[in-house]
Amino acid sequence: MNRDPFDVLIKPLLTEKITGLQDQANRVAFVVRKNATRVEIRLAVESALKVKVKAVNVMNVMGKTKRQGRFVGKRADWKKAIVTLREGEKLELYESA
């Protein structure tokens, strides 16, 4: 499938753990569409952000069950992609002043 890169990538994922991975191993993370494949994610990151990708790791995150009183609900399931960039590549998206 040939999709627009911004249809595959939903938003960048910024947590303390991901920030540590970025500093140590040159990795960044994104929330992606649930039906996106590794190849689609790689092509989307390379074309949208103009960087070279070394590897893509993907995981499905199950939504938590939440309750309020006797009512039970569930948060949506989502997919996370951790993208390893090649040596020498840097993503200014995460840089701060």
Contact summary for V32 and A81, nearest pair of heavy atoms:
CG1-CB, 4.0 Å

Are the side chain of R27 and the backbone N or O of Q22 linked by a donor-acceptor pair below 3.5 Å?
no

Under a 3.5 Å distance rule, please check whether E46 uses its side chain to pair with a backbone N or O of V53 as donor and acceptor.
yes

Backbone N/O of D7 and side chain of R33: donor-acceptor pair under 3.5 Å
yes

Do the non-hydrogen side-chain atoms of D23 and T19 ever get within less than 4.5 Å of each other?
yes

Nearest atoms (heavy-atom pairs only) where V56 meets V58
CG1-CG2, 3.8 Å

Considering all heavy atoms of both residues, which atom of A48 and which atom of P5 are nearest to each other, and what is their separation?
CB-CB, 3.8 Å

Rounded distance (nearest 0.5 Å) linking atom CG of L9 with atom CZ of F30:
6.0 Å

Rounded to the nearest 0.5 Å, how far does CG of L43 lie from CD1 of I41?
10.5 Å

Does the N26 side chain pair with the main chain of K90, one donor and one acceptor, at a distance under 3.5 Å?
no

So V83 and R42, do their side chains get closer than 4.5 Å, heavy atoms only?
no

Atom CD in E87, atom NZ in K54: separation rounded to 0.5 Å?
6.0 Å

Measure the CG-NZ distance between N60 and K34 for me, rounded to the nearest 0.5 Å.
7.5 Å

Result for salt bridge (Lys or Arg N to Asp or Glu O under 4.0 Å) between D77 and one of K74, K79, K80 points to K74

What distance do L21 atom CG and T84 atom OG1 have between them, rounded to the nearest 0.5 Å?
8.5 Å

Could you tell me which non-hydrogen atom of R67 sits nearest to which non-hydrogen atom of V72, and how far apart they are?
NH1-CG2, 3.8 Å

